[in-house]
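What you see below is based on every heavy atom in this structure, not just the backbone, and it leaves out hydrogens, waters and symmetry mates.
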Amino acid sequence: MALRIRSSSLLWGLFVALGSAALVLRLRQPGHPALPTLAAILLLLLALRLLSMGRDWQTGRLPATRLLLPAVLLAEGLGLAMAGASPAATRVRFATAAGLELLLLVLAARTLRQTRSLPGQWPEDRIAAAFAAFVPPRAARLMALELVMLGSALGFLVGGFRQEAPEGFSHHREAALRAILPALPLMIPGDFLLTITLLKGMAPWLRWLLHGSSAYGVLWLVGFYATLKARPHQLREAQLELHLGLMKSATLPASQVLSASPLPTFEDDWARHAYMKGVEKLVAKGNTILELRLAAPIQVTGLLGPGRPTDRLAVSVDDPAAFLSALGRPCA
């Protein structure tokens with residue numbers, strides 16, 4: 001099993017490396033003679049990976065739907081190699097990509113509706129579980145997080161900023177991001193003009209890609225603040241639930257917290273870095289930070305799933321006195 005996982009990772013790593021090289025070469029020298037060879041190698045690697053996935057499907061280790069995307073990519077690659085970049089072939093490829101994207105969006109919307117009737121289920125968890133039928137679990141989780149983050153941003157801009165935060169121990173009111181958010185939309189026109197001025201010689205589609213990435217970055221920050229506000233720390237039924245928006249979360253028995261106290265004062269950044277080594281941070285910058293020492297190590301769930309075990313957490317809160325009082329733990 002370990003050998004199979006390593007070979008699969010090596011295959012995908014080689015595929016990504018060669019694909020990146022081919023893309024860079026295609027952008028810089030569209031007619032380079034090495035491009036057909038690179039394309040053939042990429043198709044061969046994709047075919048080998050699809051063959052390996054087919055064996056896993058036959059033995060019941062993989063659902064059949066996981067073969068869909070690699071098979072479509074291989075078919076499109078072979079079609080491009082044989083038919084070239086004809087208008088008809090291009091239309092077919094765009095239609096296929098749009099169909100798959102629509103399928104994933106419909107699946108996400110359906111999952112979100114189901115989530116509302118299931119208290120205690122986070123939307124990204126259910127979306128990731130649905131997407132895992134088509135892509136690897138980590139990729140499914142990242143896709144789900146992005147969808148929920150952008151959905152939270154749009155909902156917040158439409159009217160979420162007027163809504164009160166849920167009950168709990170918030171850490172959005174004193175966050176530095178709250179002070180920065182109103183200025184972010186004002187930065188977009190300046191970024192637009194600066195990009196036009198400094199990058200006149202760049203291809204138009206690259207300039208628009210940069211503009212889009214700037215707007216996406218603003219939406220992402222808004223979404224992060226919205227989830228930070230919507231998910232305060234909670235202490236329910238002797239369980240402590242800690243959140244950093246969608247970025248990190250941890251649930252543990254409150255009795256497992258041995259001590260909780262503000263971080264000490266450090267002489268310099270080096271001393272702070274040494275002290276915080278091995279500490280898992282659920283911190284929104286600008287807030288008071290408390291250090292929690294635990295009786296046993298736990299794993300904090302991040303963007304790609306559970307992280308390394310740790311028995312020290314750094315947690316930001318707007319009202320540290322109320323948080324410490326609710327925990328009823330002595331300060332270290």
Side-chain angles (χ1 to χ4, degrees), residues 119-126 128-129 137-138 141-142 144-145 148-149 165-178 224-225 227-332:
Q121 296 277 349
W122 292 115
E124 64 271 17
D125 293 334
R126 291 189 58 81
R138 288 190 174 185
R141 179 170 175 80
L142 286 176
L145 288 172
V148 175
M149 189 75 82
E167 292 184 4
F169 304 99
S170 67
H171 57 154
H172 71 280
R173 293 190 178 89
E174 301 297 328
L177 184 58
R178 186 181 188 184
F224 176 60
Y225 179 78
T227 57
L228 198 67
K229 178 180 179 181
R231 302 186 185 192
H233 307 311
Q234 302 275 355
L235 182 58
R236 297 184 291 195
E237 298 178 356
Q239 291 288 313
L240 180 61
E241 300 174 7
L242 304 172
H243 300 280
L244 182 63
L246 293 180
M247 305 294 289
K248 293 182 180 180
S249 65
T251 301
L252 64 150
S255 59
Q256 195 170 333
V257 180
L258 295 178
S259 65
S261 62
L263 289 178
T265 303
F266 302 100
E267 295 181 357
D268 51 44
D269 290 340
W270 289 107
R272 181 186 180 91
H273 178 75
Y275 184 85
M276 298 297 288
K277 187 176 181 180
V279 179
E280 190 68 53
K281 305 175 187 66
L282 292 93
V283 173
K285 292 185 177 181
N287 300 82
T288 300
I289 301 175
L290 301 176
E291 180 187 358
L292 308 185
R293 293 182 179 268
L294 310 179
I298 66 166
Q299 289 180 291
V300 174
T301 301
L303 290 176
L304 296 177
R308 294 180 179 179
T310 180
D311 59 359
R312 297 170 63 201
L313 301 175
V315 180
S316 59
V317 287
D318 289 328
D319 189 348
F323 186 78
L324 292 172
S325 176
L327 283 178
R329 297 296 165 191
C331 294

Rounded distance [0.5 Å steps], CG in Leu246 versus CZ in Phe224: 9.0 Å
Nearest 0.5 Å, please: how far is CE in Met149 from OG1 in Thr227? 5.0 Å
Flag the pair Glu174 / Thr288 as yes when at least one side-chain heavy-atom distance between them is below 4.5 Å, and no otherwise. no
Determine whether Met247 and Leu303 satisfy the following criterion, side chain to side chain contact (heavy atoms under 4.5 Å, CB included), listing intermediate values before the conclusion. CA-CA 6 Å; Met247 305 294 289; Leu303 290 176; 4.0 Å; yes
Min side-chain heavy-atom separation Pro297-Thr310 under 4.5 Å: no
Parallel, tilted or perpendicular, as decided by the 30° and 60° cut-offs, for the rings of His171 and His233: tilted
Could you pull out the closest heavy-atom pair between Leu263 and Phe266, with the gap in Å? CB-CE1, 4.5 Å
Of all heavy-atom pairs linking Asp318 and Pro320, the shortest is O-CD, 3.4 Å
Tightest non-hydrogen contact, residues Leu324 and Ser261, listed as CD2-N, 4.4 Å
Determine yes or no for a side-chain-to-main-chain donor-acceptor pair under 3.5 angstrom, with Ser170 supplying the side chain and Pro232 the backbone. no
For the residue pair Ser249 and Val300, what are the closest heavy atoms and their distance? O-CG1, 3.4 Å
Crowding at CG, Asp268 (>12 non-hydrogen neighbours, <6.0 Å): yes
With rounding to the nearest 0.5 Å, note down the distance linking CD in Glu280 to CG in Leu292. 12.0 Å
Side-chain donor/acceptor of Arg231 to backbone N/O of Leu244, under 3.5 Å: no
Minimal heavy-atom distance between Ile289 and Ala314, with the atoms involved, is CG2-CB, 4.0 Å
Out of curiosity, Glu291 CD to Met276 CE, how far, rounded to the nearest 0.5 Å? 7.0 Å
Measuring from Leu235:CG to Leu240:CG, what's the distance to the nearest 0.5 Å? 6.0 Å
Could you tell me the separation between the CG atom of Leu242 and the CD1 atom of Ile298, rounded to the nearest 0.5 Å? 7.0 Å
For His172 versus Tyr225, what's the shortest heavy-atom pair and its separation? CD2-OH, 3.3 Å
